[in-house]
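Per chain, numbering begins at 1; letters A, B, ... match sequence-line order. Quick caveat, the model's predicted, so the values are computed rather than measured.
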2 protein chains.
Amino acid sequence: MNKQNLPTFDPLNPLIFTERMAQILNEKQKELIEKIGVIHEQHGMQPLMGRILGLILVIEEAEVTFDDIVAHLNVSKSAVSYALNFLQLQRFVIYRTKPGERKRYFYLDIEDWDQILKKELCNVADINSFFKEVIELRGNAKPEFNNKLKDLCEFLEYLKEEIPLMFERFKKNKS
Amino acid sequence: MNKQNLPTFDPLNPLIFTERMAQILNEKQKELIEKIGVIHEQHGMQPLMGRILGLILVIEEAEVTFDDIVAHLNVSKSAVSYALNFLQLQRFVIYRTKPGERKRYFYLDIEDWDQILKKELCNVADINSFFKEVIELRGNAKPEFNNKLKDLCEFLEYLKEEIPLMFERFKKNKS
DNA sequence: TTGTTTGTTCACAAAAAAAAGAACCAGCTT
DNA sequence: AAGCTGGTTCTTTTTTTTGTGAACAAACAA
């Protein structure tokens with residue numbers, strides 16, 4: 001089913017769907033959106049933002065309009081406006097427009113998905129920078145502890161170097 | 001300076017320090033504790049918990065008592081109790097006791113720091129499991145998107161396999 | 001010009017998270 | 001037995017986060 005087709009009306013769903021709107025979500029999809037939302041929350045993201053990402057992943061079109069989000073996720077326009085601005089700022093989503101329409105179609109910038117991973121992996125880098133500061137600042141009362149910390153840092157450095165190489169090896173392996 | 005020495009009294013600091021207490025923190029240390037707290041918050045951890053981890057990392061002793069936390073972080077006993085229980089449950093900290101004392105000395109379970117990393121890296125695994133669910137559920141309207149998603153998953157799988165090997169290589173390299 | 005679509009902004013409300021505080025308790029000391 | 005020490009538990013308060021709704025606005029359409 002694509003956007004040209006009118007979605008079948010679900011009498012159990014109180015929302016009014018218009019012909020512009022993306023497909024109606026089934027239970028599995030709704031569940032998965034929530035789950036994706038929750039893991040994003042657990043990683044420090046705001047609830048609605050996580051669910052927007054879930055929505056984009058789950059719907060067949062792989063893109064949503066402002067109104068799709070309002071309707072499917074049943075939230076206010078202002079919340080959506082705020083969330084989308086944030087997600088764009090963080091480069092999680094981008095939008096395109098379609099000829100003759102003013103509406104924005106938001107989608108995941110998955111084209112270079114290695115970016116997504118790099119973002120995840122720079123968490124590790126963050127942690128490392130703090131460990132380094134810690135080591136700088138620590139006294140010498142617990143040399144064993146300090147050494148463990150240094151080992152950890154070293155490994156993180158190693159990881160940071162190796163991961164880009166892994167990207168390359170993977171790509172080579174594929175082609 | 002160690003716990004046997006009475007810390008010098010800081011007239012700007014309203015807290016009353018007793019002879020039991022760990023060193024008085026300097027500004028750099030306090031700052032770093034807050035920073036470590038914030039990055040943990042951003043990763044979904046509660047503020048106090050993050051700062052407790054920061055405190056343990058930063059103080060020379062590399063271990064804290066319940067009262068150290070109350071005094072240095074200036075929070076209530078109940079908050080500390082809750083936070084410590086959580087941190088123990090998540091295996092972030094463990095405690096030991098000292099002969100003749102009832103007090104618990106909490107410290108980071110950094111002995112096998114690879115655990116800490118594995119915890120971080122299993123986030124990646126989490127994400128992968130959700131991507132897999134997404135792929136299962138997705139229709140075929142956007143094959144390019146689906147393929148990108150599959151590539152991403154494949155790479156994550158590859159990463160999961162390779163990372164333990166990297167641990168080994170690193171250890172071998174060290175010894 | 002008036003209305004419609006596609007949003008944004010801001011002041012506020014609701015809900016959830018975090019922390020406080022008081023009461024309690026077990027084990028040890030005196 | 002009465003008082004400390006080293007906490008725990010429960011209820012309440014405070015703070016922060018998240019979301020709402022009304023008003024506004026730009027761009028286009030009738």
| query | Per the atom types in the model, does the base of dG19(D) pair as donor or acceptor with the side chain of Ser78(A) at under 3.5 Å? | reply | no

| d(NZ, Lys98(A); C1', dT5(C)) in whole Å | 17 Å

| message | Using whole Å, what does the distance between atom P of nucleotide dT16(D) and atom OH of Tyr82(A) come to? | response | 15 Å

| Is there side-chain contact between Gln88(A) and Ile94(A), with heavy atoms separated by less than 4.5 Å? | no

| note | In numerical order, the residues of residues 37-45 of chain B whose heavy atoms come under 4.0 Å of DNA chain C are none

| Rounded to the Å, how far apart are Glu101(B) CD and dG6(D) C1'? | 11 Å

| request: Using a 4.5 Å cut-off on heavy atoms from C-beta on, say whether the side chain of Met166(B) contacts that of Met166(A). | output: yes

| field | Side-chain heavy atoms of Lys103(A) within contact of Phe66(A), under 4.5 Å | value | no

| Within a strict 4.5 Å, meaning less than it, do heavy atoms of the Ile36(A) and Val134(B) side chains meet? | yes

| field | Along DNA chain C (nearest heavy atom to each residue), the more 5'-positioned of Phe66(A) and Arg51(B) | value | Phe66(A)

| Can you tell me if OH on Tyr107(B) sees more than 12 non-hydrogen neighbours from other groups inside 6.0 Å? | yes

| Whole Å only: how far is the CD1 atom of Ile69(B) from the C1' atom of dG6(D)? | 13 Å

| query | Looking at dG21(C), does its base get a donor-acceptor pair with the side chain of Ser76(B) below 3.5 Å? | reply | no

| query | Does Lys77(A) get its side chain close enough to the base of dG7(C), under 3.5 Å, for a donor-acceptor pair? | reply | yes

| The side chain of Asp67(B) lies closest to which of these nucleotides: dG6(D), dT6(C), dG7(C)? | dG6(D)

| said: Whole angstroms only, please: what is the CG-P distance between Asp68(B) and dG7(D)? | reply: 10 Å

| request: Round to a whole Å and report the spacing from CD of Gln88(A) to P of dG7(C). | output: 10 Å

| query | Does the salt bridge (charged side-chain N to carboxylate O under 4.0 Å, His left out) test come out yes or no for Glu63(B) and Arg104(B), once each step is laid out? | reply | CA-CA 10 Å; Glu63(B) 58 184 16; Arg104(B) 292 164 190 176; over 6 Å; no

| Reckon Arg104(A) has a side-chain N or O less than 4.0 Å from the OP1 or OP2 of dT6(C)? | no

| note | Between Val80(B) and Met49(A), the residue closer to the 5' end of DNA chain D by nearest nucleotide is Val80(B)

| Spacing of Asn74(B) atom CG relative to dT14(D) atom P, expressed in whole Å | 17 Å

| Base, sugar-phosphate, or nothing: which does Ala79(B) touch, judged by heavy atoms less than 4.0 Å apart? | sugar-phosphate

| query | What orientation do Phe170(A) and Phe155(B) show, parallel under 30°, tilted 30 to 60°, or perpendicular over 60°? | reply | perpendicular

| Are Arg102(B) and dG27(C) close enough that a side-chain N or O sits under 4.0 Å from OP1 or OP2? | no

| field | Distance, rounded to the nearest Å, where Tyr95(B) contributes OH and dG6(D) contributes C1' | value | 11 Å

